[in-house]
> 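What follows is a structure written as structure tokens; I'll ask about it next.
This one's a predicted model, so the numbers in the text were calculated from it and none came from an experiment. Because only heavy atoms are used, hydrogens play no part in the values below, and waters and symmetry mates are left out as well, while side chains stay in. Just so we're on the same page: letters track the sequence lines, and every chain starts at 1.
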Protein chains: 2
Amino acid sequence: MATLSDVARRAGVSPATASRVINGSSKPVTDELRERVLAAVAELQYVPNAHAQLLARSHRSAVGVIVHDVSDPYFAEITRGLQRVATDQGRLLMICNSYRDPDRELEYVELLRGHQVAALILAGSGYHDAAFTRQLNEKLAAYEATGGRVVVIGRHEHSGDAVMPDNRAGGYLAGRELCELGHRAIGVVAGPRILTTTTDRLAGLRQALTEQGLDLPEQRIRYAEFDRDGGAEATARLLDADPELTAIVALNDSMAIGALATLRARSLPVPQRISVVGFDDMPIARDVTPALTTVRLPLVDMGVRAMSLVLGAGAPAPRVEVLPAELVRRDTAGPAPHPQRDTAGAAPRARRGDAAP
Amino acid sequence: MATLSDVARRAGVSPATASRVINGSSKPVTDELRERVLAAVAELQYVPNAHAQLLARSHRSAVGVIVHDVSDPYFAEITRGLQRVATDQGRLLMICNSYRDPDRELEYVELLRGHQVAALILAGSGYHDAAFTRQLNEKLAAYEATGGRVVVIGRHEHSGDAVMPDNRAGGYLAGRELCELGHRAIGVVAGPRILTTTTDRLAGLRQALTEQGLDLPEQRIRYAEFDRDGGAEATARLLDADPELTAIVALNDSMAIGALATLRARSLPVPQRISVVGFDDMPIARDVTPALTTVRLPLVDMGVRAMSLVLGAGAPAPRVEVLPAELVRRDTAGPAPHPQRDTAGAAPRARRGDAAP
DNA sequence: TACCGCAGAGAAAGCCCTTTCCCGCAGGGA
DNA sequence: TCCCTGCGGGAAAGGGCTTTCTCTGCGGTA
């Protein structure tokens, strides 16, 4: 590889001058020398060594991002938001997939710190795991102590700046919708119970049911991987245990799609026989058939906010931006198939005029 | 940030010794000193500066990857394959999204070269653009001249090692299938015509139709973005121009999903009234309703092969691995709705017993 | 006892840049 | 004519790490 001094030698100037030309330094250089340097760069196909540059320059510019998996639509959308702001500000993003492995997450914090990133964004659910949480917070604190900035998306465990989707309210929305449609036998297809996202969404859902005089026993919940196959499998288990279910809440859209697949395989019409509500409103939700009724989270906006927060000025106190969830009614949730013997939930159910456009 | 000499000072040793302990050098260090160093590392939360390390070490280990967009399922699958091999070999991947912008692609080649990657993988379609192709090849050649290794996935324009999906054969498969089902009026929803992927798939398709005595006039092809919305829009244009179409080939699955959306919006039943065939077989294809008939490409395997090639020993001659396409029959392609006046295609149509399970 | 060899530790030379500091020189004012 | 100013350029000092080379001191052999 050609180095700067190769270029300088070829152009007959000092490395200092070559550097100034290449980086467009504010210090003036004669046109004659400038051209000689540029010519040498072209001839030698010179590309500056990024590591040497980062070492020599003091200011750090890249931003590190740790997500579960960029190709998961949930994180893809968030990342889109992150990118948008980062690109505007000329920042490079280093994105790492933790695949929800706590150890890998810890490793990546170190790795990114080692790569001298100016800031760190952690996106994705936190864990119910005190030991891990403590370790992570220690690492994050160490990083912040040396001037690094940290923002988390959707995790409570960190005490600093955060962007939080309102998972609990979203769960509540899903639950209320189904209650109002007259459903009494509601099953839940949930992600891993160690994730705070799962428990938060579940808590909101439970609250909605409780308000309608329903409870949500553990046997109506099945925990599985937070993906399509997990959803398919959990739905099958749920149905095997309780064939009378008239509605299923999937705690994310991937699982909802899996649920739909199982339902189709068992020839259970949606929403006539059984309703399904998803969560997240990822792009594909509107394209499955029937189109998925789901709880929408402003994913791109979450990314935008997080990046703005992390690149903006620091604040004396931690800032927490809570972004609202919103119910998107499409075609997978309909009235419960047959009238309930129990009439307790009649009033709210009547409130909803679904026949109107 | 704590530095190595901070650690050394704190442990009362020289930086050399500290370095040896931290990197597990082969040179022996007394247990006593080793422990002092380790303690200092822990106390100081020391993380080595990756840039300094890369500068000091001579051997390069990271691999650069340029794709259209990691969150596009096509590239997500390929990347999964790349990652699998890279992780096995302890390599770090630097993944860049070009968003099909040739200039950005060129920039990323430089960027990755500047980051001293040991190898470079370019995935995604090439362009019908001689000037760009030449520039890219020059940059790649310059990189290879300094010992860098390059593998491309799905692009003919580079003369070195390559992994090639058989796009042309795949197009042929889609065309033949529809002909055998009796379709005569077939429209195509295509990606940008500047992409070689588009023209390759189109060429195979055209060949299949030609063999059946059909031709594929330009007005039966609509070019649009290679995504869901592009597919929806192109389908609408196609239908407006030619309402009698009985089949649509979408040149990737995202476009096929868009096509399905338009068809649903227009209440055209699939496959009774109109058949749809996609391309790629991305994971979601089986979950749309009706499940998508499509041409499968071994995407993960393409990634695996590419990474193996690039990390393996160099070869004297360029190696090109062509991976086969395969038709996956699901539910969006059925017999043409009404018998053709023209009986020319009868024989092949009869060959296929679609009523059988 | 004298000498050799080697284990274990440190000094120092890079790796490739950026940037400060300094120097020479030309032009302008006194 | 002399001095000061300021511009354009180079020398050199890092930036944080790895690694070779060198040095010290110990145990073992003749």
Side-chain angles (χ1 to χ4, degrees), chain A residues 1-38 40-41 44-62 110-118 146-147, chain B residues 1-38 40-41 44-62 110-118 146-147:
Chain A
M1 282 283 287
T3 72
L4 185 65
S5 28
D6 294 335
V7 172
R9 200 172 316 122
R10 178 158 196 134
V13 301
S14 73
T17 302
S19 170
R20 289 197 263 259
V21 171
I22 290 166
N23 299 303
S25 149
S26 60
K27 192 144 193 183
V29 175
T30 337
D31 284 350
E32 135 110 60
L33 292 195
R34 153 166 289 106
E35 279 180 20
R36 295 221 306 261
V37 171
L38 259 18
V41 166
L44 263 32
Q45 295 259 30
Y46 171 72
V47 178
N49 182 321
H51 301 294
Q53 286 194 146
L54 269 123
L55 193 56
R57 285 203 246 267
S58 46
H59 69 267
R60 336 233 146 276
S61 135
E110 300 249 301
L111 182 99
L112 290 168
R113 199 147 89 88
H115 277 265
Q116 313 299 111
V117 294
T146 60
Chain B
M1 282 283 288
T3 71
L4 185 66
S5 28
D6 293 336
V7 171
R9 201 173 316 122
R10 176 153 195 139
V13 301
S14 73
T17 302
S19 170
R20 291 197 261 259
V21 170
I22 290 166
N23 299 302
S25 147
S26 61
K27 193 143 194 184
V29 174
T30 338
D31 285 350
E32 135 109 63
L33 292 195
R34 156 165 287 108
E35 279 181 20
R36 294 220 307 260
V37 171
L38 260 18
V41 167
L44 261 32
Q45 294 257 31
Y46 170 73
V47 179
N49 182 322
H51 301 294
Q53 285 193 148
L54 269 124
L55 195 55
R57 284 203 246 268
S58 48
H59 69 268
R60 336 236 146 274
S61 136
E110 301 248 300
L111 183 101
L112 290 169
R113 199 147 89 89
H115 277 267
Q116 312 298 113
V117 294
T146 61

> Which of the following nucleotides, C/dT18, D/dG15, C/dT19, is nearest to the side chain of A/Ala16?
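Within the option list, the nearest is C/dT19.
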> Identify the heavy atoms of B/Glu32 and B/Arg36 that sit nearest to each other, and give their distance.
OE2-NH1, 2.8 Å
> Answer with yes or no whether B/Arg20 presents, from its side chain, a donor or acceptor under 3.5 Å of a partner atom in the base of C/dG8.
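It does not, because no donor-acceptor pair links the side chain of B/Arg20 to the base of C/dG8 below 3.5 Å.
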> If you compare every side-chain N and O of A/Ser14 against the phosphate oxygens of D/dG9 (OP1, OP2), does one of them come in below 4.0 Å?
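Checking A/Ser14 against D/dG9: no side-chain N or O falls below 4.0 Å of OP1 or OP2.
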> Out of D/dG10, C/dC17, C/dG10, which nucleotide sits closest to the side chain of A/Val13?
D/dG10
> Counting N and O atoms only, with roles assigned by atom type, does the side chain of B/Arg34 sit under 3.5 Å from a partner on the main chain of B/Val29, one being a donor and the other an acceptor?
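Yes, the answer is positive, given that a donor and an acceptor are paired below the 3.5 Å cut-off.
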> Could you please name the option among C/dT18, D/dG10, D/dC17 that lies closest to any side-chain atom of A/Leu4?
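Within the option list, the nearest is C/dT18.
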> Under 4.0 Å from OP1 or OP2 of C/dC17: is there any side-chain N or O of A/Tyr46 that close?
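Yes, such a contact exists.
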> B/Ala56 has a side chain; which of C/dT18, C/dG14, D/dT19 sits nearest to it?
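For B/Ala56, the side-chain atoms sit closest to C/dG14.
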> Please report the closest heavy-atom contact between A/Tyr46 and A/Leu4, naming both atoms and the distance.
CE1-N, 3.5 Å
> Using the side-chain contact (heavy atoms from CB on, under 4.5 Å) rule, take A/Asn23 and A/Gln53 through it: C-alpha gap first, then chi angles, then the decisive distance, then the call.
CA-CA 11 Å; A/Asn23 299 303; A/Gln53 286 194 146; 3.8 Å; yes
> Considering only side-chain heavy atoms of A/Leu55, which listed nucleotide, C/dT19, C/dG10, D/dG15, is closest?
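Of all the options, the side chain of A/Leu55 is nearest to D/dG15.
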> Can you tell me if the side-chain N/O atoms of B/Ser19 get under 4.0 Å from OP1 or OP2 in D/dT18?
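Yes, within the criterion.
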> Please report, rounded to the nearest Å, how far the P atom of C/dG14 is from the CG atom of B/Leu54.
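Atom-to-atom, B/Leu54 to C/dG14, this comes out as 21 Å.
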